[in-house]
Amino acid sequence: GCFVREVTERDLDEIFPVIALLEGRCAFEAARNASDAELHELDALHERLVRHAKAKRINDYYATNHLIHEAIIQLADNKWLAQVIGDLRKILKLARQQQLHAPGRLEQSLSEHLAVFAALKARDSEGADAAMRTHMTRQREALRGGSFGAQVYEAADTGEISAEEAPLLVRSLLSAGLDTTISAIDS
């Protein structure tokens, strides 16, 4: 097993490029392996993802996002990729959900997911790989110290605001931008 008590910025800088390559490879293989029925199932998950983003339900979005990543890993049909990604995900779990609170990140994540799915549907292995690597790399960028979301959560860590206030503050400031993006998606 893998036991990590604290994930440092350096850990994140080292792990995200690795997981981006691995999940990119999964998307590459999934584009080659997925049946029409499996793509239809992924389509239903992406429809849920869009609904959660429109309703600003970050926790539901994250859960559906996780299901999509798991489905792509399964479609890759490579037990070694699945095992290594699973180990790295245990380390990154909290960080990956936190990044969705960064301003603009929810809608950016949705756009990235739709790009990966478009490449999968087109059976474009290289496009799926590139889109997934971009998606994973942007997760790290959203977590980089100094971002607005990182500053809010740091304030909660130091007691300047409560842990309960942090997600509310980020969500309230994120709402205006998300409303605009969702209106654009609906158009």
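Numbers here simply count residues along the sequence, with the first being 1.
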> Which heavy-atom pair separates Leu106 from Lys56 by the least distance, and what is that distance?
Replying inline: CD2-CA, 4.5 Å
> Of the non-hydrogen atoms in Met132 and Ala27, which two are nearest, and what is the gap between them?
Replying inline: CB-CB, 3.9 Å
> CG of Leu12 to CD1 of Ile19: how many Å apart, nearest 0.5 Å?
Replying inline: 11.0 Å
> In chain order, what residues pass the salt bridge (charged side-chain N to carboxylate O under 4.0 Å, His left out) check against Glu70, with sequence neighbours excluded?
Replying inline: Arg89
>> Parallel, tilted or perpendicular, judged at 30° and 60°: which one describes the rings of His46 and Phe117?
In response: parallel
> Given the rule that I, L, V, M, F, W and Y join up when any side-chain heavy atoms are under 4.5 Å apart, are Leu21 and Leu92 in one cluster?
Replying inline: no
> Rounded to the nearest 0.5 Å, how far apart are CG of Leu110 and CZ of Arg105?
Replying inline: 10.5 Å
> In Å, rounded to the nearest 0.5 Å, how long is the span from CZ of Phe16 to CZ of Arg133?
Replying inline: 16.0 Å
> About how many Å separate CD1 of Ile68 and CZ of Arg48, when rounded to the nearest 0.5 Å?
Replying inline: 8.5 Å
> Of the non-hydrogen atoms in Ala119 and Ala128, which two are nearest, and what is the gap between them?
Replying inline: CB-N, 3.3 Å
> Do NZ/NE/NH1/NH2 and the carboxylate oxygens of Glu9 and Arg140 come within less than 4.0 Å?
Replying inline: yes
> Can you list the steps and then say if Glu14 with Val18 is a side-chain contact (heavy atoms from CB on, under 4.5 Å)?
Replying inline: CA-CA 7 Å; Glu14 292 175 352; Val18 173; over 6 Å; no
>> What I'd like to find out is whether the side chain of Tyr61 reaches to under 4.5 Å of the side chain of His113, using heavy atoms alone.
In response: yes
> Atom CD1 in Ile72, atom CG in Asn33: separation rounded to 0.5 Å?
Replying inline: 12.5 Å
> Cluster question for you: counting only ILVMFWY and a side-chain heavy-atom cut-off of under 4.5 Å, with indirect links fine, are Phe28 and Leu75 together?
Replying inline: no
> Any donor-acceptor pair under 3.5 Å linking the side chain of Asp43 with the backbone of His40?
Replying inline: no
>> Less than 4.0 angstrom from a charged side-chain N to a carboxylate O is my criterion; do Asp36 and Lys121 meet it?
In response: no
> What distance do Glu23 atom CD and Asp129 atom CG have between them, rounded to the nearest 0.5 Å?
Replying inline: 11.5 Å
> Going through the checks in order, is the side-chain contact (heavy atoms from CB on, under 4.5 Å) test met by Arg123 and Leu39?
Replying inline: CA-CA 10 Å; Arg123 311 264 185 215; Leu39 288 175; 3.6 Å; yes
>> Between Cys26 and Ile85, does the side-chain contact (heavy atoms from CB on, under 4.5 Å) criterion hold? Intermediate values first, please.
In response: CA-CA 10 Å; Cys26 284; Ile85 290 169; 3.6 Å; yes
> Which atoms form the tightest heavy-atom contact between Leu45 and Thr64, and what is the distance?
Replying inline: O-CG2, 3.4 Å
>> The test is side-chain contact (heavy atoms from CB on, under 4.5 Å); show your working for Met136 and His69 and say whether it passes.
In response: CA-CA 11 Å; Met136 299 302 295; His69 281 264; 3.8 Å; yes
> Under a 4.0 Å N-O cut-off, is there an ion pair linking Arg144 with Asp13?
Replying inline: yes
>> For Glu112 and Ser109: C-alpha separation, side-chain torsions, deciding distance, then whether side chain to side chain donor-acceptor pair (under 3.5 Å) applies.
In response: CA-CA 5 Å; Glu112 294 159 10; Ser109 174; 4.9 Å; no
> Is a side-chain donor-acceptor pair under 3.5 Å present for Ser111 with Gln108?
Replying inline: no
